[in-house]
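The structure presented is a predicted model; accordingly, all values stated were derived computationally and were not measured. Every number for a ligand or one of its atoms is a count from 1 in the order of the listing. Throughout, residue positions are numbered sequentially from 1 according to the sequence presented.
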Amino acid sequence: MHLHLGVNIDHVATLRQARYRTLPDAHNVEPSVLAAALECEAAGADSITVHLRADRRHIQDADVFLLRKKIGTRMNLEMGNTPEILDIALQVRPDFVCMVPEQREEVTTEGGLDVAGQHEAMRETVGRLEANGTRVSMFIDPEEAQVRASAAVGASMIELHTGTFANHIGAKRAAETERLRRAAQLGHELGLQVNAGHGLTTANLPDLFAVPHLHELNIGHSLVARAIFTGLNKAVTELREVMGRYTP
Ligand code: PXP
């Protein structure tokens, strides 16, 4: 099996909102989030990831419903555990949900979810989503307690937070890679699908490949940044090429 690529297209919506936030129905709204998703799929993405944030700073409800109808691969919805967003997820029935922590002020998702600290609330949400046909992942730091808690609340996947890995080089990156390796090993032993994401680039992926059992990577920022120069198609192709070198 090849390493799956989930493309996070939030930044395409960020660009759209920068100009058209107050004119969502204008005839000249661009860029199209749907067209971007379809181009990524055509270039080899395995799934399309969007984060519907409580403050709707990029992806809007209408994007989520439209993508659900039109994309040909899988939809991965990132969400905080709030009643409002859960209600939307239950209506949309994405293939996957990735539960993330969400504070309004942060620029992007800063740290992993404290699954262990909110066992009951998370177990209920996971149960409702999985019963509704959605497989649920927990976006966690590579810590044993969080991997075990993810299994305990009934999640079928974990997404290991690679932000610390990406932001450091040298000995610090090596230490974080070791933490990721152990977390992935434990997740696999507990029967969880192991994904990873945050800050991944064509340049840092080779270091990440020391981590075993990876099934899917979710990549957004570096891909959209690269696409400014190459177009989305080539940016996806370049990532796929590097990802093809992974052996689980
Ligand atoms: N996975 C999760 C759970 C995220 O919150 C993000 C950031 O939106 C990503 C993956 C993608 O990270 P990046 O945009 O740094 O590639």
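- Distances from ligand 1 to the non-hydrogen atoms of E159 include at least one value under 4.0 Å.
- Not one N or O of D10 is nearer than 3.5 Å to an N or O of ligand 1, by distance alone.
- Looking at M138, H11, H198 and measuring to atom 12 (O) of ligand 1, the nearest heavy atom belongs to H198.
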Query - Criterion side chain to side chain donor-acceptor pair (under 3.5 Å) on N76 and S47, from CA distance to verdict - result: CA-CA 7 Å; N76 177 31; S47 54; 5.8 Å; no
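- Listed by number with element, the atoms of ligand 1 under 4.0 angstrom from any heavy atom of I219 are 16 (O).
- A salt bridge is absent between R128 and D87; no separation between the charged side-chain nitrogens and carboxylate oxygens falls under 4.0 Å.
- Cluster membership for L205 and V236, using ILVMFWY side-chain heavy atoms within less than 4.5 angstrom, is shared.
- Proximity to V100 (heavy-atom distance under 4.0 Å) selects the following atoms of ligand 1: 3 (C).
- In the vicinity of N218, heavy-atom distances shorter than 4.0 Å reach the ligand 1 atoms 10 (C), 11 (C).
- R148 places a side-chain heavy atom less than 4.5 Å from the side chain of L190.
- Residue contacts with ligand 1 for H51 are absent, since no atom lies close enough (heavy atoms, distance under 4.0 Å).
- We find the CD-CG distance between Q146 and L113 to be 7.0 Å, quoted to the nearest 0.5 Å.
- At least one N or O atom of G220 sits closer than 3.5 Å to an N or O atom of ligand 1.
- Looking at T162, its side chain does come within 3.5 Å of a backbone N or O of H198 through a donor-acceptor pair.
- Set against the non-hydrogen atoms of N8, the atoms of ligand 1 under 4.0 Å away are 8 (O).
- Distances shorter than 4.0 angstrom occur between a heavy atom of G199 and an atom of ligand 1.
- Distance check: H215 NE2 to E159 CD gives 12.0 Å after rounding to the nearest 0.5 Å.
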